[in-house]
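Notes for the one structure printed next.
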There are 2 protein chains.
Amino acid sequence: MAEVAARAGVSAMTVSRALKSDGAVSEETRGRILATVEELGYVLDLSAGALSSKRTGFVAAVIPSINNSNFSDTARGITEAIEGQGLQMLLGYTDYDMEKEEQLVRAMLTRRPDGIIVTDGRHTPKARRMLQSAGIPVVETWDMPADPIDHVVGFSNAEASRALVHRLYQKGYRNIAFIGGASRRDTRGADRRLGYKRAVEELGLPVGRTISFGNPPISMQQGGEAIVQLIEQWPDVDAAVCVSDLSAFGAIMECHRRGWAVPGRIAVAGFGDFEVSRCSWPRITTVAVDCRNIGLEAGRVMLRAIADVRDGRRPGPETLIVPFEVIEREST
Amino acid sequence: MAEVAARAGVSAMTVSRALKSDGAVSEETRGRILATVEELGYVLDLSAGALSSKRTGFVAAVIPSINNSNFSDTARGITEAIEGQGLQMLLGYTDYDMEKEEQLVRAMLTRRPDGIIVTDGRHTPKARRMLQSAGIPVVETWDMPADPIDHVVGFSNAEASRALVHRLYQKGYRNIAFIGGASRRDTRGADRRLGYKRAVEELGLPVGRTISFGNPPISMQQGGEAIVQLIEQWPDVDAAVCVSDLSAFGAIMECHRRGWAVPGRIAVAGFGDFEVSRCSWPRITTVAVDCRNIGLEAGRVMLRAIADVRDGRRPGPETLIVPFEVIEREST
DNA sequence: CCTGACGATGGTATCGATAACAATTTGTTG
DNA sequence: CAACAAATTGTTATCGATACCATCGTCAGG
């Protein structure tokens with residue numbers, strides 16, 4: 001930067017100002033400086049700027065999986081919201097593992113992000129403590145935490161799942177099962193199972209029709225294996241609620257292969273409104289959440305929070321509940 | 001850090017050493033320091049360390065889309081390779097847009113990564129120049145660039161597509177079409193189309209059976225729309241090669257809906273071996289590339305290159321060709 | 001008992017930018 | 001044209017760690 005400054009006949013400070021959009025520099029000087037920058041191929045070093053300004057321009061985002069289109073949509077939403085504001089997303093994934101989340105949070109805080117967005121309402125005690133004492137805005141998403149750390153942009157997975165079961169009941173199904181992961185690592189999956197459980201209980205339906213299969217993320221293939229197991233174990237089941245659309249799809253395809261009509265022999269519903277659910281045949285009944293919008297809103301909450309910190313304001317945490325919708329299609 | 005140092009009765013330098021794995025500190029002192037760190041809840045500030053050590057510990061990774069499981073698998077591979085080496089991935093996506101790639105590269109270089117991995121062999125002239133003059137290792141992946149910038153871990157999309165068409169020919173198909181995106185933004189898609197073109201020409205098959213539909217990423221739904229258009233335009237077509245498995249899946253589902261047998265009325269093949277191709281019915285013939293492995297290898301090449309830079313070595317660029325495989329399934 | 005090697009630790013300069021304030025120039029108004 | 005405000009630019013200290021070199025014991029070998 002000193003070199004650019006010398007060449008343009010100004011001080012380094014003026015170069016610095018010329019390179020920020022809001023810098024107070026005369027148009028003429030800015031032009032000259034930008035030309036010099038171009039000429040020398042100079043690239044600003046934000047890692048140095050971060051040190052003096054005490055703002056890195058990073059927003060850390062922690063998602064369970066980068067391969068799950070629901071969460072990558074959320075990541076896209078976050079990017080959309082913050083890019084253009086001079087912020088850059090620092091993305092990491094936990095593989096649905098709270099221990100890994102803790103490590104990741106630790107690693108990210110080491111980079112001194114201006115804020116952090118996590119995709120869960122539950123954390124290890126250490127992770128929680130780190131998030132609380134980091135001194136930056138925190139947004140928890142995709143969940144309704146019982147005891148929020150700071151801001152929240154989410155919905156109740158249990159409520160959504162419950163609503164889906166009720167819808168199936170209205171349609172006439174009376175023996176409804178749940179297919180989900182075997183591990184409790186996936187807290188959202190656990191919440192969906194809980195919602196299912198509540199619904200069958202309050203509807204007076206047979207309970208305990210639950211197949212647990214594999215570790216998250218539950219794959220299409222596991223859905224296929226699970227539905228076979230389900231039908232063997234409880235032949236009278238007439239509908240299956242799957243923890244996600246992917247397992248629902250796998251289940252339906254396995255049914256096709258075996259000549260079981262969907263619906264007819266068994267109805268299958270999913271969760272998440274993945275593209276495959278809209279394009280497969282039959283199309284899959286599911287719960288749609290606007291994943292990208294969760295990211296957008298989380299990003300916006302983060303922008304406001306960062307601006308508040310910058311300007312010394314101290315407003316309370318925001319809680320945003322995003323809507324979900326049960327979408328009925330041909331699979332039920 | 002000064003506070004930790006004072007509390008532990010040592011200098012800041014010793015604290016710094018205690019916090020690196022390779023630091024030369026006596027076990028006793030390290031123990032005392034780590035205890036103090038824990039007690040105070042101190043978190044190392046890498047953004048400051050980066051400035052003095054001139055190594056940020058970032059590896060920038062630029063992929064076309066975060067929603068495409070092929071590329072997110074590659075990103076996972078990169079993470080796997082570099083994490084545990086004190087490196088952190090800085091991920092960005094271009095939406096298959098070379099202009100956006102340029103902006104992204106610019107933004108990433110501003111963070112002074114220790115290396116950068118891009119998912120393409122073609123770039124805007126400016127992007128190319130920036131990558132060349134950044135003074136850090138560059139790995140181009142998923143492609144075989146005509147004129148590599150530095151290291152390469154890839155394969156020829158054209159060759160893969162050509163091999164697929166040949167396999168269809170062996171199976172007896174004689175009127176083979178291609179379904180791809182309308183834009184030339186997706187350079188890999190363009191390469192696949194090129195390979196298709198070469199194959200039908202050298203096999204003496206009818207040429208020009210090409211449907212272009214929508215912007216990348218080509219969705220499932222667009223695959224469905226495209227196959228209808230294809231059959232209307234050339235009713236004698238007996239096989240369709242799709243630019244990706246997702247469009248192939250959409251096409252097959254649309255055929256189901258309309259009662260067109262796959263195969264029979266028309267065979268459909270994809271590209272990428274997405275999970276949906278293994279789990280749908282019929283399962284989809286495709287070209288499998290080990291996406292995660294591309295990331296792993298790219299990460300390893302990067303690790304070596306960074307170590308070389310650190311130790312002042314200056315070996316030539318590596319080129320790694322990863323294998324692809326045509327997998328024949330029931331859809332053809 | 002001296003010497004040199006080595007392990008452990010400390011002191012100081014420095015990485016490359018920006019904040020904060022100071023200084024200078026320019027413009028405006030009565 | 002004086003006087004003051006606004007716009008522009010410069011100076012210096014600083015952000016929080018690490019590189020580099022110096023220092024101080026300790027111990028083995030002669």
Side-chain angles (χ1 to χ4, degrees), chain A residues 1-34 36-37 40-58 86 88 109-114 134-136 309-312, chain B residues 1-34 36-37 40-58 86 88 109-114 134-136 309-312:
Chain A
M1 184 178 266
E3 200 179 327
V4 174
R7 191 99 150 207
V10 294
S11 72
M13 195 61 237
T14 304
V15 175
S16 173
R17 278 191 277 248
L19 291 174
K20 322 193 96 43
S21 39
D22 63 331
V25 189
S26 72
E27 273 318 307
E28 188 213 328
T29 316
R30 162 171 281 130
R32 184 153 37 94
I33 290 172
L34 293 185
T36 312
V37 164
L40 295 181
Y42 168 73
V43 178
L44 184 63
D45 186 337
L46 280 186
S47 74
L51 191 56
S52 48
S53 68
K54 296 174 157 250
R55 304 184 62 220
T56 55
F58 279 129
Q88 153 104 46
L109 291 182
T110 241
R111 301 291 184 173
R112 292 291 186 273
D114 296 336
I136 55 175
V309 169
R310 171 166 44 79
D311 302 341
Chain B
M1 186 179 265
E3 200 179 327
V4 174
R7 191 99 148 206
V10 294
S11 72
M13 196 60 239
T14 304
V15 174
S16 173
R17 279 191 277 251
L19 291 175
K20 326 192 92 47
S21 39
D22 63 331
V25 189
S26 72
E27 271 319 306
E28 188 213 328
T29 315
R30 161 171 283 131
R32 187 155 34 95
I33 290 173
L34 293 185
T36 312
V37 164
L40 294 181
Y42 168 73
V43 178
L44 184 63
D45 186 337
L46 281 186
S47 74
L51 191 57
S52 47
S53 68
K54 296 172 159 254
R55 304 184 61 220
T56 55
F58 279 128
Q88 153 104 44
L109 290 182
T110 239
R111 301 290 185 174
R112 293 290 187 273
D114 297 335
I136 55 175
V309 168
R310 170 166 44 80
D311 302 341

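Just so it is clear: chains get the letters A, B, ... in the order the sequence lines come, proteins before strands, and each one is counted from 1. Only this structure's heavy atoms are used, side chains among them; waters, hydrogens and symmetry mates stay out.
Phosphate contact (OP1/OP2 of D:dG10, side-chain N/O of A:T14, threshold under 4.0 Å): present. At least one side-chain nitrogen or oxygen of B:S11 sits closer than 4.0 Å to the OP1 or OP2 atom of C:dG10. An OP1 or OP2 oxygen of D:dC15 is reached within less than 4.0 angstrom by no side-chain nitrogen or oxygen of A:S53. Dashed line: the shortest gap from a side-chain N or O of B:Y42 to OP1 or OP2 of D:dA17 is under 4.0 Å. In terms of phosphate contacts, B:T29 brings a side-chain nitrogen or oxygen within less than 4.0 Å of OP1 or OP2 of C:dT9.
Here C:dT26 presents its C1' atom at 13 Å from CD of A:E28, a figure rounded to the nearest Å. Put simply, NZ on B:K20 is 17 Å from P on C:dA8, counting in whole angstrom units. Taking atom CE of residue A:M13 and atom P of nucleotide C:dA20, one finds them 11 Å apart after rounding to whole Å. Per the geometry, CZ belonging to B:R32 stands 8 Å off P belonging to C:dT9, to the nearest Å. Rounded to an integer number of Å, the gap from B:I33 CD1 to C:dT9 C1' is 10 Å. For the pair A:R112 CZ and D:dG16 C1', the computed distance is 9 Å after rounding to whole Å. Atom CG of A:D45 is separated from atom P of C:dG16 by 7 Å (rounded to the nearest Å). For B:E27 and C:dA8, the CD to P distance is 9 Å, given to the nearest whole Å.
Heavy-atom distances to DNA chain C give each of B:A12 and B:K54 a nearest nucleotide, and the one nearer the 5′ end belongs to B:A12.
Closest to the side chain of A:S26, out of D:dT8, C:dG10, C:dC15, is D:dT8.
Within the 3.5 Å criterion, the main-chain N or O of B:R112 finds a donor-acceptor partner in the side chain of B:T56. Side chain of A:R32 to backbone of A:A8: a donor-acceptor contact under 3.5 angstrom is found. Between the B:D114 side chain and the B:G57 main chain, a donor and an acceptor come within less than 3.5 Å of each other.
Side-chain N/O atoms of B:R17 and base N/O atoms of C:dG10 include a donor-acceptor pair closer than 3.5 Å.
If you check every strand for non-hydrogen atoms under 4.0 Å, B:L44 touches sugar and phosphate atoms only.
Enclosure of atom CZ in B:R7 is not indicated, since only 12 or fewer non-hydrogen atoms of other residues, nucleotides or ligands lie within 6.0 angstrom.
Counting all heavy atoms, side chain and backbone alike, B:F58 lies closest to B:R111 at CD1-O, 4.2 Å.
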